[in-house]
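Along the sequence shown, residues are numbered consecutively beginning with 1. Numbering of ligands and ligand atoms starts at 1, following listing order.
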Amino acid sequence: MIVMTPHATEGEVAAVRARLETTGVHVVVMPGELTTAIGAIGDPEGVAELGLEGMSGVDRVVPISRPYKLASSELYHEGPTVLDIAGRKVGGGDTFCLVAGPCTVESREQTLEVARAVKAAGASMLRGGAFKPRTSPFAFKGLGGEALEILAEAREETGLPVVTELLDTQHAQAIGEHADVVQIGARNMQNYALLEVAGKMGKPVLLKRGLSSSLDELLQAADYILKEGNEAVVLCERGIRTFETATRFTLPVIVDPSHAAGDRRLVEPLSRAAAAVGADGIIVEVHQDPDAALCDGPQALSTSHFPDYARDVAAHAALLGKRLA
Ligand code: PEP
Ligand code: MN
């Protein structure tokens, strides 16, 4: 819908109409008392590429159809997307997926200890960073390939599927060999080349919302992955720095209370809220000695507290008829 300025001339309206018609859309001019609106019915892509906002007499262009296509419930999905990740159901409304583990794989002992603890408390999957995006280039960036081997050992022992971040296209092969779920970090949500590589890996992708990304942008990022023929995408809300007005999703949505809060005292109430509001799961950071953690210690739950935490989250998920996956 193209909304003209109040005093747009007939010539300006005609020029917009002519421009729209070059794309083959059906054009309907709707003169109002003050302003004229022009409806363009057809391919929204072609219209967006015209750059009509710059034409004389045009006030604004208001998209009616949603910009994301494959992630949209309007076009391709009848019901919610339900994934099966190594036997864990994600989405669908009757299960809750609790992904827990350290921010970063620091050592074999640390990772195995946390993996055993979260497994014993009923977690669905193990998280742990091998390649870490750090704000400072001088901070610990993870153990890389060695961490992937450690995660593989933790999976072997506990049976928990492993979630780990793909930071760079160069690591795709190594991550592909070890991860059960490929995490795309908040900072890389709009790294489109990386999204395409992730989409081609043949593994479920956990896509985190960018630090100041709108839901439209998140869902268009999901489209990049879906477009590669990968249907297994989980959206992750990890806290943002902007305002947002939209509320529609079809893909499973899990919440990251650790990075959203950055403070373990808030992780528990946020987790209860996430479970009670109907999220499909949580991805939460757990450490055997949070004060000594090499990354994100202040937000990590301790393994000794994790059983109580897991029980509490499960009780809130149960309010909505969900049990741990
Ligand atoms: C993480 O999961 O450890 C992480 C770095 O998350 P985010 O990309 O959401 O900041
Ligand atoms: Mn972290």
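- Where the criterion is an N or O separation shorter than 3.5 Å, residue side chain and backbone included, His259 meets it with respect to ligand 1.
- Applying the 4.0 Å criterion to heavy atoms of Cys103 picks out, from ligand 1, the atoms 3 (O).
- Between the Mn ion (ligand 2) and the N, O or S atoms of His259, the shortest distance is to NE2.
- No donor-acceptor contact under 3.5 angstrom links the side chains of Asp296 and His287, judged on distance only.
- Of all N/O/S atoms in Glu285, OE2 sits nearest the Mn ion (ligand 2).
- Residue Gly129 places every heavy atom at 4.0 Å or more from ligand 1.
- The Mn ion (ligand 2) is closest to atom OD2 of Asp296 (considering only N, O or S atoms).
- Under a cut-off of 6.0 angstrom, the local environment of CD in Glu53 is crowded, with over 12 non-hydrogen atoms contributed by other residues, nucleotides or ligands.
- No donor-acceptor distance shorter than 3.5 angstrom exists from the side chain of Ser258 to the backbone of Val284, with no hydrogens or angles considered.
- Which parts of ligand 1 touch Glu285 is read off a 4.0 Å heavy-atom cut-off, strictly below it: atoms 1 (C), 3 (O).
- Side-chain N or O atoms of Gln220 include one that pairs as donor or acceptor with a backbone N or O of Asp216 at under 3.5 Å.
- Between Lys69 and Asp223 no salt bridge is recorded (no basic side-chain N to carboxylate O distance below 4.0 Å).
- A distance-only check finds a donor-acceptor pair linking the side chain of Arg127 to the backbone of Pro102 [under 3.5 Å].
- Note: an N/O pair closer than 3.5 Å links Arg127 and ligand 1 by distance alone.
- For the side-chain hydrogen bond (donor to acceptor under 3.5 Å, both in side chains) with Gln299, the qualifying choice from Arg264, Glu285, Arg265 is Glu285, the only one to do so.
- The pair Glu21-Arg17 counts as a salt bridge, with a side-chain nitrogen and a carboxylate oxygen less than 4.0 angstrom apart.
- When each atom of ligand 1 is checked for a heavy atom of Arg187 under 4.0 Å away, the hits are 7 (P), 8 (O), 10 (O).
- In the vicinity of Ala186, heavy-atom distances shorter than 4.0 Å reach the ligand 1 atoms 7 (P), 8 (O), 9 (O).
- Heavy-atom proximity to Arg238, at under 4.0 Å, picks out these atoms of ligand 1: 7 (P), 9 (O), 10 (O).
- Not one N or O on the side chain of Lys89 forms a donor-acceptor pair closer than 3.5 Å with the backbone of Ala325.
- If you check which protein heavy atom lies closest to atom 3 (O) of ligand 1, you get Lys132 NZ, 2.7 Å.
- Between Gly185 and ligand 1, no pair of N/O atoms sits closer than 3.5 Å.
- Nearest protein heavy-atom contact of atom 6 (O) of ligand 1 is Lys208 NZ, 2.9 Å.
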